[in-house]
Structure formats: C-alpha cells, structure tokens
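What follows is one structure encoded as structure tokens, with my remarks underneath.
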Amino acid sequence: MKTAIIETGRLHFAFHKGQKILDDLNLQVPAGSIYGFLGPNGAGKTTTLRLLLGLLKKQQGDITLFGRNFQQHRIEILRRIGSLIEQPSLYLHLTGKENLEVFRLTYRCDKKRINEVLEIVGLVQAANKKAKNYSLGMKQRLAIAIALLHDPELLILDEPTNGLDPNGIIETRELIKQLNREFGKTILVSSHMLAEVEKMATHVGIIHKGKLLFQGSLQQLQQLQSQKSAVEVEVNDTARAQLAIQDHFMVKHINGSRVVVNYESRERSAQLNKLLVQQGVEVYQLAVTQNDLENLFIQITAQ
Amino acid sequence: MVTSFVLNTRSEFLKSRQTAAFWLTVIGAVFIPVVNFIKLVARPDHFVPGFKNDPWQLIINDNWQAATFFLLPMYVILVTSLVVQIEYKNNTWKQVYASPRTLTDIFFSRFIVIHSLILFCFIVFSASIVLASCAANLIQKQYTFFDHPVPWKGLFLLIAKTYYSVLAITAIQYWLSLRFKNFIIPVGIGLGLLITGFIVHQWEQLYFHPYMYPIIAFWPSFQKNTAFIFKAQVLDVSWFVIVLMMAFWDMTRRREKG
C-alpha cells in the first residue's frame, strides 16, 4: 500500500456514555486513491469525517493526516484539505462567485483561481446567479468548487451525490474521477451505496455500527464479494435437486422452492444448471444473489 | 497572522452584504429621523417656536433620546443575532471551522463585523438627523436649521457615548447567539432582560443591569448623579470584557463545532 495520507489509530467516539458511535476505527487512506467510505446511515461515516476535520472533539485514539498529528498541526493540515460535509455549505444570499470570494480570502489564493474552479465544475455560466436559485446539483458542484479553491491535496466529501438526480450523480462521479486522474487529488468519499462506490473508488472501507469491517483495494473487495456470493436455483423438487448436485456443490441452505449454493464462477453456474436438468429436475430460475451492501454486511458481520 | 485576520474579517464583511442584518442597520438608522421629519413638516406651528434658539441641539437630543430608550438596545440585540444567524441559516459553520482559521480569528472577526454595523448605524442615524432637519427646513422655511451650524463635535461625542453604552449588551448577545442555533432564543432572552430593566428602573443599583446602560447614559434623570453614571460605565466595560472572555472560552471548549 502507498503512504497513507489519512490514518486513524484506535479511534473511539461516543456522543453519550455507553453509546459507541466509533469503535476502534483504524482508517488508512492511501495517497492518490479514491477511498470509498461505505456504510449505511448511522454507521459512523459522518462522525469519522467530522473528527478528521476537527469539527468534533477527539475523545480517544489518534488522527494523523499527511503524517502529522491533527491536534498539533490543525491549521497547517486544514490548508491542505478541501471538504464538503453533508449538505453544501453556501451563503444563499450571495452569488456563486461571491461564495467563492468569501473562501478565497480565507485561503489566500489568487483571484484567477475562482474562474478556474468554476470551469472545472462547469458553473461559469451561473457564476453571477445567487446560490439560492441554484438547483441541488449546482449547489453540490459549487460546494466542490469551494473545496477545490486552494488546490488541496486531499478532498473529503461526505455523500456528495446525496439527493441528486441520476444525471447529477453521474456528473459528480465523473468529476471525482477526473479530479483524481487529472489533478492527482486523494479523495475520501463517503457513501451508503456500494454500486456508487464500485464505479469510482480505488480503495474501500466498510463501516458498520462504528466498526471498520473491511478495508482494502476495490479488487480485494470484489474478490470477497465473489467469495460471498451465492447462486439461487428455483426448482420443482428441492430434495431431488439436492441429491443431484451434492457430489459437486455445497448446498448452503434451502429457501422454499430454492436451493442456495456458493457462487464460484460463471462456468460452474452453467455446470450446476446442466446437472440439475440431466437429473430431471425442472429449473425455473437460476440467479446469482444480488450483492448489495446490505447482503455484504450480513455476510461480513457473520464472519 | 495579522494579514490572515484582516482577510478573514473582509470575508466576514462580504458575508453580511445584503443580509437582514445590513438592511436592519440601514432602515433602523433612518427610521426615527424620518418620523421626526414628518413631525416637523406636519406641525411647524407647534415646533417652530421651540426650535428657534438652538434647533440642532434640540432635534439631536429628541432623536437620540427616542432611540436610546427602546429601539437602540433592541437593534443591538437583533443585529448581533442576525449576523451570527448567517452561518446557522446557511448551515455554513462546519465550512468555517473546517477552513484554516484559528478559533480566535473566527470569534473576533465576526464580532468586529457586528461592531462595525453598529457604528455604521450610529453614523447613518446622525447623518439622517441632519439631512431630515435640513429637508424639513427646505419645505417649512420658518425653521432656523440653516441659520445655525451643525454641532459635529457634539454629534461625534454622542456616537462615542452611545457606542460605549452598548458594549456590554453586544458581548452578552454575541455569546447567546453563538450558543443557540434558534434565532428566537437569544432575541427572546435579550428582550426579556431589557424589559426586566424597565420594570426595575427605580432600583438604586440599576448600574448592575447591562441592558440599562444606554438609558442611564441618556435619560435626563440619571445625568445629575455622576457617581451613578461612573459606576455604570465601569461595570459596562467589565461586563463586556468578562462576558466576551467567557464566550470565547465556551466556544473553544465546545465538543461539536459546526
């Protein structure tokens, strides 16, 4: 793994005593990666990101960004980060350009940078429109433009596609990929949609009930997914079907008129079908179970 | 560090452009002079005799006394909350805290904006008194405003005195506005304290009440007792410093920011 830009060591957090929000979280975000931080709502994603930005006071554990302790080098670290936490933070009574000017003064960057970031996010035409008249997708893009203003090395984006229409989701995803590919940004992006993360991330961390259940490259996750996948076959006679395949496949369980076996490969699925048909079992349906996040969670937590 | 603070204060000024806080400042500043203008134009028969000898001093006192009684403290309460509300309303506190700014910078740059708006209000108010009186004189020629010089020095001293008298209120309201997300709470508490002051206005130790300092500074009945006014002035600045320090300490210790 490349050098980690973000590292947390044994991070714990609770809003109320006894109610753990984060439990021994060891996050490692490699430099140059798009790190998809996956988890259902309430898993602790936003809490983690808020801790990384100092929006929540750390209780236990270590937070290191760019190899430096956050508490001791807060300003220096924040200068190298662009962030978007939850809904876009915009001054709705100001225009897009004025919003950028507010943050340009803080980040002390050149005036021409405003037009550059507006171009990157495709908002040049709407630059002089008040932010309150922007659509949600435009607001999201303006918030990303603010995050990009000082040309940070690291972007922390919390559910940037939340509430967007399919077009907006695709645009934002493409923008994230472009920022990583063309501008070399390391991007930590949280999401509750596995399919979304799969389409853009190079690395994935899965958090559930405050615990990091999986962390690794996308390939490693895909491997795990295929290991955990199952094939469901709907048949007329489950007992006969079980007998027909027992020497070749491990039956996981019977679910009504369906026999569930471990997924191995496409070829093996075809072989399974062939075996059943040859033994006179009627096959109505054969499908690889959808590996959505929920299923993956159940499988990983059951480990 | 100083450059950063100056730039961030500029950024805070930009945020307050065309907000309710800004418009309240402008409209609040011209409101009483406009009412007095109507009064002067509508009833010259009543006002001309009284304004014969020293018209400026009289009209200035009329305006300032009317303002300090209720509108001025009310304006300070509202403007402080409205400036802080810019962040709450737009859900932007998190972006402010996640930017490379020290907590001291975040705390004081906004406080400077509030004080600048208050000073701006006093200056516009004073200018409006002069303009409204001149305009009334143009319509009703019997007035003698043009025959007397405008007491600029006196006006400047009035602004300074009024500004000093609201210091304690600004610190208390700033703390309350930072503490509560809901706009109604700091405004409600401020209003409650102001009304409490009116109820206990005969209290011999009224100089302890921070919301009464503008009234103590201007109301004629208090002017005879210099020791009382002095106590009020010392306590005003004490409230200001102590509450401001407590507000800052409270902000730095908050577990959740933004």
Side-chain angles (χ1 to χ4, degrees), chain A residues 13-16 21 46-47 49-59 70 73-95 97-109 130-132 139 142-143 146-147 149-150 152 154-156 158, chain B residues 1-26 82-110 112-113 117 178 181 249-258:
Chain A
F13 190 84
F15 282 107
H16 306 285
I21 302 292
T46 302
T47 305
L49 302 189
R50 289 173 76 92
L51 277 163
L52 291 177
L53 291 165
L55 297 175
L56 283 176
K57 213 167 214 168
K58 192 193 76 177
Q59 291 171 343
F70 184 83
H73 301 91
R74 179 180 163 266
I75 302 284
E76 188 195 316
I77 288 170
L78 288 177
R79 232 175 242 137
R80 299 165 75 179
I81 303 178
S83 63
L84 192 173
I85 298 293
E86 293 166 312
Q87 300 93 20
S89 294
L90 302 172
Y91 298 98
L92 299 178
H93 60 287
L94 300 179
T95 65
K97 222 172 194 168
E98 286 167 341
N99 266 284
L100 288 163
E101 178 64 14
V102 163
F103 290 97
R104 186 193 72 81
L105 289 165
T106 296
Y107 287 111
R108 299 170 76 170
C109 42
K130 289 206 165 158
K132 66 178 170 198
K139 283 180 187 162
L142 181 59
I146 290 170
L149 202 57
H150 53 300
L154 171 67
L155 281 172
I156 295 180
D158 187 15
Chain B
M1 190 135 167
V2 176
T3 322
S4 257
F5 183 71
V6 171
L7 287 171
N8 285 321
T9 309
R10 264 179 67 193
S11 150
E12 295 298 336
F13 273 109
L14 179 56
K15 285 180 202 172
S16 64
R17 248 173 65 172
Q18 293 183 30
T19 55
F22 176 76
W23 292 117
L24 176 76
T25 300
V26 175
L82 285 170
V83 169
V84 180
Q85 271 296 312
I86 297 172
E87 305 295 352
Y88 281 122
K89 203 178 111 195
N90 293 303
N91 201 10
T92 38
W93 270 123
K94 55 184 193 292
Q95 207 67 38
V96 172
Y97 282 112
S99 55
R101 294 177 65 175
T102 61
L103 296 180
T104 320
D105 167 352
I106 295 171
F107 184 84
F108 286 102
S109 58
R110 190 172 312 273
I112 285 176
V113 172
L117 282 172
L178 287 172
K181 192 178 176 180
W249 175 80
D250 180 44
M251 186 184 99
T252 55
R253 289 190 59 87
R254 282 177 86 169
R255 190 176 61 172
E256 211 171 331
K257 294 187 177 74

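Note that this is a predicted model, so its numbers are computed, not measured. Proteins come first, then strands; the chains are lettered A, B, ... in the order of their sequence lines, and each starts at number 1.
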If you measure from [atom1] on [X] to [atom2] on [Y], what distance do you get to the nearest 0.5 Å?
{"X": "Q95(B)", "Y": "L84(A)", "atom1": "CD", "atom2": "CG", "result": "7.0 Å"}
{"X": "F22(B)", "Y": "H93(A)", "atom1": "CZ", "atom2": "NE2", "result": "11.5 Å"}
{"X": "L92(A)", "Y": "K89(B)", "atom1": "CG", "atom2": "NZ", "result": "7.5 Å"}
{"X": "K94(B)", "Y": "R50(A)", "atom1": "NZ", "atom2": "CZ", "result": "7.5 Å"}
{"X": "R254(B)", "Y": "L56(A)", "atom1": "CZ", "atom2": "CG", "result": "12.0 Å"}
{"X": "L14(B)", "Y": "Y91(A)", "atom1": "CG", "atom2": "OH", "result": "9.5 Å"}

* Asked: How about R74(A): does its CZ atom have over 12 heavy atoms from other parts shown lying under 6.0 Å from it?
  -> yes
* Asked: Is K57(A) atom NZ crowded by more than 12 heavy atoms from other residues, nucleotides or ligands, each under 6.0 Å away?
  -> yes
* **Largest heavy-atom contact set with chain B, pairs under 4.5 Å, which of S83(A), S89(A), A143(A)** => S89(A)
* In terms of heavy-atom pairs under 4.5 Å with chain B, which of L94(A), I85(A), N99(A), V102(A) leads? -> V102(A)
* **Salt bridge R17(B)-E98(A), side-chain N to carboxylate O under 4.0 Å** => yes
* Does L90(A) offer a backbone N or O that forms a donor-acceptor pair with the side chain of T92(B) under 3.5 Å? -> no
Of the backbone (N, CA, C, O) and the side chain (C-beta and beyond), which part of [X] lies under 4.5 Å from a heavy atom of chain B, both, or neither?
{"X": "F15(A)", "answer": "both"}
{"X": "R80(A)", "answer": "neither"}
{"X": "L55(A)", "answer": "both"}
{"X": "Q59(A)", "answer": "side chain"}

* For chain A, find which of R253(B), E87(B), Q18(B) contributes the most heavy-atom pairs closer than 4.5 angstrom. => E87(B)
* Where do R108(A) and T3(B) land on the side-chain contact (heavy atoms from CB on, under 4.5 Å) test, with the steps shown first? -> CA-CA 10 Å; R108(A) 299 170 76 170; T3(B) 322; 3.6 Å; yes
* Asked: Got P100(B) and Y107(A) here, is their nearest side-chain heavy-atom distance under 4.5 Å?
  -> yes
* **Option among T106(A), I146(A), I75(A) that satisfies the side-chain contact (heavy atoms from CB on, under 4.5 Å) test with S99(B)** => T106(A)
